[in-house]
J.: 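If you scroll down you'll find the structure; I have some questions about it.
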Amino acid sequence: MSEQSRKKAGGFVIQAGILALSGIIVRIIGLLYRSPLTSIIGDEGNGYYSYAYNIYAIILLISSYSIPSALSKVLAQRLTFKEYRNAHKVFQCALIYVVVVGGGASLVAFFAAPYLVGTNSVRVLRVFAPTIFLSGLVGVLRGYFQAYGSMVQTSISQILEQIINAVVSVGAAWYLIAHVAGTGADDTTRAIYGAMGGALGTGAGVVTALLFMVWVYVLNMPGMKRRMERDHKAEESRKEIFRVILSIVTPFILSTFIYNLSTSLNQTIYERFYTNVRGMAESEVATFYGIYSGKAVVISNIPIAMASAMCSAIIPTVAASFARGEKKETRRNVKKAVKVTMLIAIPCAVGLGVLARPVTQLLFWQKNSLNTASNVLAALSVTVIFYCLSTLTNGVLQGIGKVTIPVRNAAIALVLQTGTLSVLLYFTDLNLYALVIAAIVYSLSMCVMNQLAVRKYLKYKQEMFRTFWLPLVSAAIMGAVAWLVYQGVSLLAGFALAEGSYLRNLIAAGAAILVAVVVYAFCVIRFKAVTREELQTMPKGAAIVRVAQKLHLL
């Protein structure tokens, strides 16, 4: 591969790396604040928050969540041919779209809340409602810069959003609980108000992100105007642009909506079954679901953020190369994206499976639910690989214009997982593990069907040995070493620290994770899962190659 081709192939990987790094930082901040937030509002409050958040997320998905990806695709196609005036017109029309649709969705969330969630979660969802409208505006601005191949603005805005979210969520939850506690409110009322405080934090974070993105847009306006002044190509009408936006956004929305509907649907089925069939109190069901959704799922979602970042980066890249008719280049980009994603997702899944209890104890120190949360996380860990791959292939199919295929695949997977969950709930006592099995069925189904579709429409065959098997062997070795290191360090620390203490677990888990990273990196390079050329296209690739050469690994 020539120097120019190598830079081209690695360009979106670097941008994805920037977005993935910010995504991981965002998830870490999210985990750090969720622990004190859970301590304040309890597992019951966590359950009410999760109920409302899942419905909020679905409405957000329908109204505006897919805007950045869809907009970056539409803009990238115009920027490929230097149609700057048309690109800016698309941006303006997208703003009008989200104002109308996002505003309507916010009103629906507020007024229809009693029909969408249980009684105790209604006020929480209403606090979330205005955020839907604001998120649409943020999404358009992020999509605009992503189309230009720059993920820095999105990354910074996401980090700022999460920092403010963390601070306000914890502060507002504490204040509201303290306020109602002074009136003699019971535990359930305090949990509801604590969940409302968490929802306020989400809104405050989005407002911060919006202000930052507007500021960045204003700074870039002079350069945008100069490009538009030099553009003398024929302009598209607003009517035509709206038609294009709707034709692209609608399938994106349907795909994303159905793809993420599984969480909300599982929540509804689980809640209704245990309250109506098993006769459990709403507060008890919310407590169980809070452990699953607010702890195990939150942790397992950290590496999936990397796949989402890769998806955001690959859509405009694939759309542009496919529009130019460069199918070979498109296949090369897909291969690069899948390989990088699996190099990270596979060890993350193994690590979460092996160190589920230490990681859970590290992030959520509530001992009464530690066993349940860590066991559920260990069972969920395999979905990390499936969700990462299916998220990425969703982006590939959308990028090449096959936007209805992910919709169909998601619908089929949804039927399979809903049937599985219903049978398991009615005929077994698996409780939360029924949700885990349903998640595995869904993510695996999506993964397989999407992969077959990419193979069909791109004439693309995924290389298996270096992409999957060698990373899996390396991760297995890493997992065994990490487990031994954790047990050994924990045993040594036991001479000075009590069993089960937070500091003892922190020292042992920290050592295990650090050794795991080194062992995995050594194995994948030593086993030649990655080549010198592939390493050079990755972020800081040249430095990695130099270190590997000094260690005689290359």
Side-chain angles (χ1 to χ4, degrees), residues 29-57 113 117-128 165-204 263 266-267 270-271 274-275 278 280-301 356-357 359-377 380 431-432 435 500 502 505:
I29 295 170
L31 281 172
L32 292 177
Y33 92 81
R34 284 299 290 267
S35 188
L37 180 63
T38 302
S39 296
I40 294 170
I41 69 178
D43 286 328
E44 182 182 351
N46 218 358
Y48 298 139
Y49 177 89
S50 295
Y51 287 156
Y53 183 86
N54 288 340
I55 298 300
Y56 152 79
V117 292
T119 305
N120 292 341
S121 301
V122 170
R123 281 177 285 183
V124 186
L125 181 55
R126 283 179 169 166
V127 174
F128 273 122
N165 183 5
V167 173
V168 175
S169 290
V170 174
W174 178 85
Y175 173 79
L176 289 175
I177 287 179
H179 175 71
V180 296
T183 65
D186 58 18
D187 289 343
T188 294
T189 302
R190 289 199 290 269
I192 293 170
Y193 274 82
M196 290 168 64
L200 277 173
T202 302
T263 300
N266 288 349
Q267 166 196 306
Y270 179 83
E271 179 191 12
Y274 276 101
T275 54
R278 293 289 173 87
M280 288 176 63
E282 184 181 349
S283 58
E284 188 177 358
V285 178
T287 299
F288 273 115
Y289 192 79
I291 294 170
Y292 171 80
S293 181
K295 292 182 177 179
V297 173
V298 165
I299 297 173
S300 69
N301 277 343
R357 185 180 177 87
V359 169
T360 304
Q361 186 179 350
L362 200 64
L363 299 169
F364 297 98
W365 54 76
Q366 297 80 21
K367 291 186 177 180
N368 59 331
S369 59
L370 176 59
N371 286 337
T372 302
S374 59
N375 290 338
V376 170
L377 174 61
L380 267 178
N431 201 329
L432 295 180
L435 291 170
Y502 185 83
N505 180 66

J.: If you round to the nearest 0.5 Å, how far is CD of Glu271 from OG of Ser50?
T.: 11.5 Å
J.: Any side-chain donor paired with an acceptor under 3.5 Å for Ser293 and Gln267?
T.: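 Side chains of Ser293 and Gln267: no pair found under 3.5 Å.
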J.: Side chains of Thr360 and Lys295: any donor to acceptor distance under 3.5 Å?
T.: no
J.: Run the side-chain contact (heavy atoms from CB on, under 4.5 Å) test on Met196 and Tyr48 for me, step by step, so that the C-alpha distance in whole Å, both residues' side-chain angles and the decisive distance to 0.1 Å come before the verdict.
T.: CA-CA 9 Å; Met196 290 168 64; Tyr48 298 139; over 6 Å; no
J.: Are the side chain of Ser374 and the backbone N or O of Leu370 linked by a donor-acceptor pair below 3.5 Å?
T.: yes
J.: Please lay out, stage by stage, how Val122 and Arg126 fare under the test side-chain contact (heavy atoms from CB on, under 4.5 Å).
T.: CA-CA 6 Å; Val122 170; Arg126 283 179 169 166; 4.1 Å; yes
J.: Is the number of heavy atoms from other residues, nucleotides or ligands within 6.0 Å of OH (Tyr502) greater than 12?
T.: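 It does: Tyr502 OH has more than 12 such atoms within range.
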J.: Is there a side-chain contact between Val285 and Tyr51, using heavy atoms and a 4.5 Å cut-off?
T.: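 Answer yes - side chains close enough.
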J.: Is the shortest heavy-atom distance from the side chain of Asn46 to the side chain of Thr287 under 4.5 Å?
T.: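 No, too far: nothing below the 4.5 Å cut-off.
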J.: Test your reading of the model: is there a side-chain donor-acceptor pair from Tyr33 to the backbone of Val170, 3.5 Å cut-off?
T.: no
J.: How far apart are the closest heavy atoms of Gly194 and Ala173, and which atoms are they?
T.: O-CB, 3.5 Å
J.: Please determine whether side chain to side chain donor-acceptor pair (under 3.5 Å) holds for the pair Asn431 and Tyr270, giving the CA-CA distance in whole Å, both sets of side-chain angles, and the decisive distance to 0.1 Å.
T.: CA-CA 9 Å; Asn431 201 329; Tyr270 179 83; 2.5 Å; yes
J.: Report the C-alpha distance between Val359 and Leu363 in whole Å, list the side-chain angles of each, state the deciding distance to 0.1 Å, and finish with yes or no for side-chain contact (heavy atoms from CB on, under 4.5 Å).
T.: CA-CA 6 Å; Val359 169; Leu363 299 169; 3.9 Å; yes
J.: Could you check whether any side-chain N or O of Arg123 sits under 3.5 Å from a backbone N or O of Tyr193, counting only pairs where one atom can act as donor and the other as acceptor?
T.: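 Not confirmed, Arg123 side chain does not pair with Tyr193 backbone.
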J.: Parallel under 30°, tilted from 30 to 60°, perpendicular over 60°: which one fits the rings of Tyr289 and Tyr292?
T.: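 Rings of Tyr289 and Tyr292: tilted, as their planes differ by 30° to 60°.
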J.: Out of curiosity, Ile291 CD1 to Thr372 OG1, how far, rounded to the nearest 0.5 Å?
T.: 5.5 Å
J.: Go through the side-chain N and O atoms of Arg357 and Asn371 and say whether any donor and acceptor fall under 3.5 Å apart.
T.: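 Side-chain D/A pair, Arg357 to Asn371: present.
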J.: How long is the straight-line distance from CG of Leu380 back to CG of Leu435, given to the nearest 0.5 Å?
T.: 9.0 Å
J.: Would you find a donor on one side and an acceptor on the other, under 3.5 Å apart, between the side chain of Ser300 and the backbone of Val297?
T.: yes
J.: Shortest non-hydrogen contact from Ala52 to Val124?
T.: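 That closest heavy-atom pairing would be CB-CG1, 3.6 Å.
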J.: Fit a plane to each ring of Tyr49 and Tyr53, take the angle between them on a 0 to 90° scale, and name the class: parallel (under 30°), tilted (30 to 60°) or perpendicular (over 60°).
T.: parallel
